[in-house]
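Throughout, residue positions are numbered sequentially from 1 according to the sequence presented. Counting convention: from 1, in listed order, for ligands and their atoms alike. Computed from a predicted structure; not experimentally measured.
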Amino acid sequence: MPLSSAIAAARLSVLARIAAAAREAGRDPDDVTLVAVSKQQPDDRIEAMLATGQRIFGENRVQEAQDRWGERREGLELRLIGPLQSNKARDALALFDVIETLDRQRLAEVLADAIQRAGAAPRLYVQVNTGEEPQKAGVPPADADAFIAGCRTLGLQIEGLMCIPPEAEPAGPHFTLLADIAARNGLARLSMGMSGDFETAVRLGATSVRVGSALFGGRLAR
Ligand SMILES: *Cc1c(COP(=O)(O)O)cnc(C)c1O
C-alpha cells in the first residue's frame with residue numbers, strides 16, 4: 001500500500017474506534033477530538049497526514065515543532081503536549097494554540113506575564129501526574145485543586161486537564177482520577193488516551209486523545 005493510503009486508512013481506523021468507544025459510553029463521537037502526535041515522524045508521513053484533512057497536531061518539543069511546522073503553520077491547530085521550560089514560554093505562546101503541560105507555579109507565573117505582554121489567548125491544560133511518578137511531569141493529584149485555583153488567581157483561564165498514566169499500570173483508574181479532579185474544579189475538557197489506551201480514555205470521558213504511532217507508525221530515534 002502506498003504511504004498516503006496507509007496513513008489515510010490508519011486515520012480512518014482510529015476515528016472509527018474513537019466513534020465506537022464514544023457510542024458505547026453513550027457519548028457523541030463529535031465530542032472527542034483526535035490530536036495526531038507528529039513528534040519524531042518523517043516528513044513524508046506528515047505530508048500524507050495533512051492530505052487526509054487532519055489539522056490538529058501534538059508535539060512535545062518547542063524547537064522540533066518550530067522546525068516541522070513553522071513554514072506550514074497556517075490553518076492548523078498545534079498543541080504542546082511535552083514539558084515546557086519557563087525560558088521557552090514565549091516561543092511556545094508564539095507557536096501553539098494549546099499548551100497542555102502547565103504543571104508548576106513558576107511556569108504559571110511566567111506564562112501569565114508572557115500572555116499579557118503578547119496579548120495572547122492560548123488554551124491551557126493543567127497536567128496531573130496521576131501515577132505520582134517521580135520522573136514524570138505534572139502536579140500531584142493532591143495538589144491539583146490548589147494549583148488550579150492559583151492559576152485562576154493569576155488570571156489564567158484553564159480549559160481542562162491532561163495526564164499520561166504509568167506505562168506498567170492499567171490506565172482506566174488514572175483516567176477516572178483525572179475526570180474526578182476536573183469535575184470538582186468545573187473543568188469540562190480532558191486530554192487523555194494514547195495509541196494503546198485511547199478507547200478506554202474515550203469511554204471514561206476524554207474530550208481529546210493524543211495518538212501517534214497508531215496513526216503514523218513507529219517514530220524515528222532522536
Ligand atoms: C508521544 C506522546 C503521545 C503519543 O504516543 P503514542 O503511544 O505513539 O500514541 C501522546 N501523548 C504524549 C504526551 C506523548 O509524548
Leu95 backbone acceptor or donor facing Arg73 side chain under 3.5 Å: yes
Side chains of Arg219 and Gln41, donor plus acceptor under 3.5 Å: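 Per modelled atom types, Arg219 and Gln41 side chains form no pair under 3.5 Å.
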Polar contact flag, side-chain donor to acceptor under 3.5 angstrom, Glu100-Ser191: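 Yes, Ser191 and Glu100 have a side-chain donor paired with an acceptor closer than 3.5 Å.
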Does ligand 1 have any N/O pairs with the protein under 3.5 Å, and how far apart?
residue  : atom   : partner : partner atom : Å
ligand 1 : 8 (O)  : Ser213  : N            : 2.8
ligand 1 : 8 (O)  : Ser213  : OG           : 2.8
ligand 1 : 8 (O)  : Arg219  : NH1          : 2.8
ligand 1 : 8 (O)  : Arg219  : NH2          : 3.3
ligand 1 : 9 (O)  : Ser195  : N            : 2.9
ligand 1 : 9 (O)  : Ser195  : OG           : 2.5
ligand 1 : 9 (O)  : Gly212  : N            : 2.8
ligand 1 : 11 (N) : Arg210  : NE           : 2.9
ligand 1 : 15 (O) : Lys39   : NZ           : 2.7

Among Gln40, Arg68, Arg79, side chain to side chain donor-acceptor pair (under 3.5 Å) partner for Glu59: Arg68
Intermediate values then yes/no, salt bridge (charged side-chain N to carboxylate O under 4.0 Å, His left out), Asp43 and Arg72: CA-CA 12 Å; Asp43 211 54; Arg72 50 184 168 192; 2.6 Å; yes
Contact summary for Ile164 and Glu133, nearest pair of heavy atoms: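 Taking Ile164 first and Glu133 second, the nearest heavy atoms are O-OE1, 4.2 Å.
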